[in-house]
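For reference, positions follow the sequence shown, starting with 1.
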Amino acid sequence: AEQASYRAKQMGRNSLCYFDAAHEAAIQARHQLLQALREALQRGEFRLQYQPKVDMGSGQVIGLEALIRWQHPQRGLVPPAEFLPVIEDDALGLEVGDWVLAQALRQLQAWQVQGCALPVSVNIAARHLQAPGFVERLDELLRQHPQVAPALLELEILETGALEDLQAVRQVLSAAQGLGLQFALDDFGTGYSSLAYLKNLPVRTLKIDQGFVRGMAQDPGDRAIVQAVIGLAQAFDREVIAEGVEDRELAALLLAMGCRQGQGYGFARPLPAEQVPGWVRHFEGAWRPLVAPPPPHDGGRPHPALGTPGWALS
């Protein structure tokens, strides 16, 4: 009764609230997880792994995406889907976001010493991007790592997050761009952006959502969306990269459609930082040219993105 009364007061008084044991248990579990995550940050239990991005035409590794993991003392490596949604609306999300940026810059500096200077992209939540002082903190982090060229750090923002307050996001991106950083619009195609949004956001790269990429070999609708995003990127002079490239056939199809950059398990799963330089050398040395798959049948006509069958990609 006390908890129901307290919740009614939180809602502005003159309200009716029922005590729900299941709901209360879920709230308690969330609070406990938040506390565990705060302690994990203090104890240094978070890790970054890095998934390569590849030029599918040449086989050259063109960059890496930093992906956070929780090295839990009992459960082992916990994937981000199990804890990031819990912190995204909490102040802890800003602290973790700052930690990821700092760790990525430290790793960039360490790789440069080893002769591996590849750009690294970091996912930034819309709330983090628009938090007061974000650009100032970013500038300070860059000053702490003067050996790292700012252009080697790319910030990825979700398309849906960017559209919530376009004007505010644009101002922050422009200010951060002045520091020398680059930007990518993540999961492009899942939101409701217009051409005006794409024109006004200072992003260099569009990332095609992996859901469309994985389904495009069988689903003409997904294939049409992927082709449309590639066309938009070309029309607005943006780079385009496909997420979720699971095999060489998908990579060959994307390359034939005009998308040279890919990322996914077909190339590599996320790697610990110490494995990246060796993996890059091995991958680039072992790359084999891609051969286009047979074009999908459509009344006997080849898909226009593929042209005539039987040609090779190198």
For the [atom1] atom of [X] and the [atom2] atom of [Y], what is their distance to the nearest 0.5 Å?
| X | Y | atom1 | atom2 | result |
| --- | --- | --- | --- | --- |
| L105 | H145 | CG | NE2 | 5.5 Å |
| D186 | E65 | CG | CD | 6.5 Å |
| L48 | L67 | CG | CG | 8.0 Å |
| R38 | I87 | CZ | CD1 | 10.0 Å |
| I124 | L173 | CD1 | CG | 10.5 Å |
| D222 | Q227 | CG | CD | 13.0 Å |

Cation over ring face, R248 and W287, 6.0 Å, 45°: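 Because its charged atom sits under 6.0 Å from the ring centre and within 45° of the axis, R248 does stack over W287.
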Centroid-centroid distance, F46 to F83, less than 6.0 Å: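 Ring centroids of F46 and F83 are less than 6.0 Å from each other.
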Aromatic ring proximity, centroids under 6.0 angstrom, Y50 and W111: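 Yes; Y50 has its ring centre under 6.0 Å from that of W111.
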Can you check whether [X] reaches [Y] side chain to side chain, under 4.5 Å on heavy atoms?
| X | Y | answer |
| --- | --- | --- |
| Q60 | V54 | no |
| Q261 | I62 | yes |
| S174 | F183 | no |

Side-chain donor-acceptor pair present, Q107, Q103, cut-off under 3.5 Å: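 Short answer, no.
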Derivation of the side chain to side chain donor-acceptor pair (under 3.5 Å) call for Q112 and Q147: CA-CA 8 Å; Q112 283 195 160; Q147 298 92 336; over 6 Å; no
Under a 3.5 Å distance rule, please check whether [X] uses its side chain to pair with a backbone N or O of [Y] as donor and acceptor.
| X | Y | value |
| --- | --- | --- |
| E246 | G264 | no |
| R269 | G266 | no |
| R30 | V86 | yes |
| E88 | A125 | no |

Heavy atoms of other groups near R143 CZ, more than 12 under 6.0 Å: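 12 or below, so no.
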SB check K207 E156 (cutoff 4.0 Å):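 A salt bridge links K207 with E156.
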Under-4.0 Å salt bridge between D247 and R214: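 Looking at R214 together with D247, the answer is no, because their closest N to O distance does not fall below 4.0 Å.
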Parallel, tilted or perpendicular: ring planes of F134 versus H128, cut at 30 and 60 degrees: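 It falls in the perpendicular class, over 60°.
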Parallel, tilted or perpendicular, as decided by the 30° and 60° cut-offs, for the rings of F283 and W279: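 Rings of W279 and F283: parallel, as their planes differ by under 30°.
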Hydrophobic cluster membership, L155 vs W99, 4.5 Å side-chain cutoff: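 Result: yes, single cluster for both.
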